Number of protein chains: 2
Amino acid sequence: MHIREATEKDFDAIWPIFKEVVSAGETYAYPQETTKDEALKLWMQLPQKTFVIEEDNQILGTYYIKTNQSGPGSHVCNCGYMVSSKARGKGLATDMCEHSQQVAVGLGYKAMQFNFVAASNAGAIRLWNKLGFETVGCLPKAFNHPDLGYIDALVMYKWLQT
Amino acid sequence: MHIREATEKDFDAIWPIFKEVVSAGETYAYPQETTKDEALKLWMQLPQKTFVIEEDNQILGTYYIKTNQSGPGSHVCNCGYMVSSKARGKGLATDMCEHSQQVAVGLGYKAMQFNFVAASNAGAIRLWNKLGFETVGCLPKAFNHPDLGYIDALVMYKWLQT
């Protein structure tokens, strides 16, 4: 398993993962019908950096890191992680989240925030808790889930060791 | 006192208010040195709509409304309000916040969220509470205040009557 910074050439391999995750509408605050061009902008151009995780030269997951709020909030970063359905349960999200915390510290960030974790996403919440993130907010009915309707979204946060 | 939608021609009158508020660095997640061009983009071009509040044809305050999260979060809006220092204490923020809630409902939003309220901003917190917003999150040390250092930021939220 190898994590490296992505280039735009990697986007053809990232796009099927993005599309699979986002079209389900269950986890990310992107429209389910987000196009490939929009995804490229959201995942690779707007963030500060984007990474991929590979096995045998195959991209199985990806994450971005960006500043969460500018000005007085610019010491806090935000990350998003996606894993291909064919590679779930292998610890890739853990690997990427740990990697991203090191990258964050290297970039000078002091904390990491997840703004919008669907309360139904128990696997992610359990994982972020295990990796030291606390639930610091609960947004009532802020997430419109395709099956469950309006459910809560959590805000999760970790002050990073520096 | 009159609230109306702003046009870009109003920005010359909005800019001194924006600059005064943002250069203080105490309330908004914009860099203190934000330029006029950047402010135009942030306050008038990226949001869905921008309004001004006037008295005797003089612009004394302004607010924007925009979608807070896209896709599954797109039923929740975000607003930001600014009042000129020479017009504080006259209830303009209250007027604008109440107006914005009506606008939000008209645009189809179901809730309103403030993402990043400095915990030191007691006047704003008291006002949002009075207007029905609840503190639903507290981001530890997420706001780098010019005098107070790293202080908490609050997330405030209101489900709108529709």
Side-chain angles (χ1 to χ4, degrees), chain A residues 21-34 38-39 42 67-78 109-121 133-160, chain B residues 21-34 38-39 42 67-78 109-121 133-160:
Chain A
V21 169
V22 170
S23 66
E26 295 174 357
T27 50
Y28 269 84
Y30 302 133
Q32 285 174 272
E33 63 282 7
T34 300
E38 290 163 343
L42 290 165
T67 302
N68 198 47
Q69 297 279 2
S70 64
S74 64
H75 59 292
V76 182
C77 67
N78 165 252
Y109 291 113
K110 294 186 182 300
M112 187 179 289
Q113 181 172 328
F114 304 145
N115 297 302
F116 201 64
V117 182
S120 57
N121 194 355
F133 288 78
E134 276 185 276
T135 298
V136 296
C138 178
L139 312 169
K141 300 190 279 187
F143 195 103
N144 189 8
H145 189 284
D147 301 325
L148 305 171
Y150 294 116
I151 59 170
D152 298 347
L154 306 185
V155 183
M156 302 188 74
Y157 193 89
K158 181 179 183 179
W159 194 262
L160 301 170
Chain B
V21 169
V22 170
S23 66
E26 295 173 357
T27 51
Y28 268 85
Y30 301 133
Q32 285 175 273
E33 65 281 7
T34 301
E38 290 163 344
L42 290 166
T67 302
N68 198 47
Q69 297 279 3
S70 64
S74 64
H75 59 291
V76 181
C77 67
N78 165 253
Y109 292 113
K110 296 187 180 299
M112 188 179 290
Q113 180 172 329
F114 305 145
N115 298 301
F116 201 64
V117 182
S120 57
N121 195 355
F133 288 79
E134 276 185 275
T135 298
V136 296
C138 179
L139 313 168
K141 300 191 282 187
F143 195 103
N144 190 8
H145 189 284
D147 301 326
L148 305 170
Y150 294 116
I151 61 171
D152 297 348
L154 306 185
V155 183
M156 302 188 75
Y157 192 90
K158 182 178 182 178
W159 195 261
L160 301 170

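Both backbone and side-chain heavy atoms feed into the values below; hydrogens, waters and symmetry mates do not. In the text below, chain A, chain B and the rest are named by the order of the sequence lines, each starting its count at 1. Because the structure is predicted, anything quoted here is derived from the model rather than measured.
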query: Using non-hydrogen atoms only, which part of A:A111 is less than 4.5 Å away from chain B: side chain, backbone, both, or neither?
result: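 No part of it gets close to chain B.
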- prompt: What part of A:F143 gets closer than 4.5 Å to chain B, counting heavy atoms only: side chain, backbone, both or neither?
  reply: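 When you check distances to chain B, atoms from both the backbone and side chain of A:F143 fall under 4.5 Å.
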Minimum heavy-atom distance between [X] and [Y], given as atom pair plus value:
| X | Y | value |
| --- | --- | --- |
| B:A29 | A:Q69 | CB-OE1, 3.5 Å |
| A:P140 | B:V136 | CD-CG1, 4.0 Å |
| B:P72 | A:G25 | CG-O, 3.7 Å |
| A:H75 | B:K141 | NE2-O, 2.8 Å |

Best-contacting candidate, A:G137, A:A118, A:A142, A:G73, against chain B by heavy atom pairs under 4.5 angstrom: A:A142
- request: For chain B, find which of A:V22, A:V155, A:L139, A:T34 contributes the most heavy-atom pairs closer than 4.5 angstrom.
  value: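 Looking at each option in turn, the highest pair count goes to A:L139.
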field: B:Q32, CD: over 12 other non-hydrogen atoms inside 6.0 angstrom
entry: yes
- prompt: Do the rings of A:Y150 and B:W159 sit parallel, tilted or perpendicular, given the 30° and 60° boundaries?
  reply: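 Ring orientation of A:Y150 relative to B:W159: perpendicular.
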- request: Measure B:Q113 against the heavy atoms of chain A and call it side chain, backbone, both or neither at under 4.5 Å.
  value: side chain
